[in-house]
Amino acid sequence: MGLTKTEIFTLEQNQISSIAKVFGHPARVAILQHLFKIDSCICGDLVDEIGLAQPTISQHLKELKKIGLIKGNITGTSICYCIDKENWSNMKTTLTAFLDQDLDDSNTCC
């Protein structure tokens with residue numbers, strides 16, 4: 001298996017790539033939308049809400065937590081998840097700066 005060579009790219013380039021990867025699955029987008037809609041921590045009804053098996057939901061939550069968009073707190077035998085507001089704000093700033101890049105109208109290619 002080849003190396004990804006992420007170390008040759010900037011921190012910002014790696015962050016944007018990680019965010020894009022997480023947003024690349026509709027289940028993760030649905031989870032984030034649900035967390036925003038309820039505007040509180042959720043402990044267990046994601047299976048019913050999203051319609052996927054518990055292990056699948058858990059894997060998606062793991063990916064969202066890995067890049068810091070959500071955080072989890074242990075309550076009894078379950079983990080409750082919510083949006084990490086500070087990291088969400090940082091992600092928005094990073095993506096906005098990237099997406100707000102524009103080409104000069106005088107640039108002619110092809």
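Keep in mind that what you see is a predicted model, and the values were worked out from it rather than measured. Keep in mind that the numbers below use all heavy atoms, side chains included, and drop hydrogens, waters and symmetry copies.
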List, one per line, each side-chain donor-acceptor pair under 3.5 Å for residues 85-92, sequence neighbours excluded.
unit_1, atom_1, unit_2, atom_2, d
Asn87, ND2, Gly68, O, 3.0
Asn87, ND2, Asp84, OD2, 3.3
Asn90, ND2, Glu86, O, 3.4

Mind listing the closest non-hydrogen atom pair of Val47 and Ala53 along with its distance?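 The answer is CG2-C, 4.5 Å.
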According to side-chain hydrogen bond (donor to acceptor under 3.5 Å, both in side chains), who are the partners of Gln54, at least two apart in sequence or on a separate chain?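 By the side-chain hydrogen bond (donor to acceptor under 3.5 Å, both in side chains) rule, Gln54 matches Ser58.
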Restricting to ring pair (Phe, Tyr, Trp, His ring centres under 6.0 Å), what partner residues turn up for His25, sequence neighbours left out? His60
Using side chain to side chain contact (heavy atoms under 4.5 Å, CB included), reason through Leu46 and Leu61 one step at a time and then give a plain yes or no. CA-CA 10 Å; Leu46 279 173; Leu61 289 168; 3.9 Å; yes
Out of curiosity, Ile31 CD1 to Ile57 CD1, how far, rounded to the nearest 0.5 Å? 4.5 Å
Taken to the nearest 0.5 Å, the spacing of Thr6 OG1 from Leu11 CG works out to 10.5 Å
Gln59 side-chain N/O to Thr56 backbone N/O, donor-acceptor pair under 3.5 Å: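 Judged by distance alone, no pair lies under 3.5 Å.
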Side chain to side chain, Leu32 and Ile70, heavy atoms closer than 4.5 Å: yes
With sequence neighbours left out, the residues meeting disulfide bond (SG atoms under 2.5 Å apart) with Cys41 are none
Same cluster or not: Leu99 versus Phe23, using hydrophobic residues (I, L, V, M, F, W, Y) connected whenever any side-chain heavy atoms lie under 4.5 Å apart?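 Looking at the clustering, Phe23 is in the same group as Leu99.
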Out of the candidates Ile83, Leu35, Val22, only one should pair with Leu64 under the side chain to side chain contact (heavy atoms under 4.5 Å, CB included) rule; please name it. Val22
How would you list all residue pairs meeting side chain to side chain donor-acceptor pair (under 3.5 Å) that involve residues 9-22, not counting sequence neighbours?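 Qualifying pairs, neighbours excluded: Thr10-Gln13.
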Once salt bridge (charged side-chain N to carboxylate O under 4.0 Å, His left out) is applied, what residue pairs with a partner in residues 54-73 remain, sequence neighbours excluded?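 Qualifying pairs, neighbours excluded: Glu63-Lys66.
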Near Phe98 CZ, under 6.0 Å, is it more than 12 heavy atoms from other residues, nucleotides or ligands? no
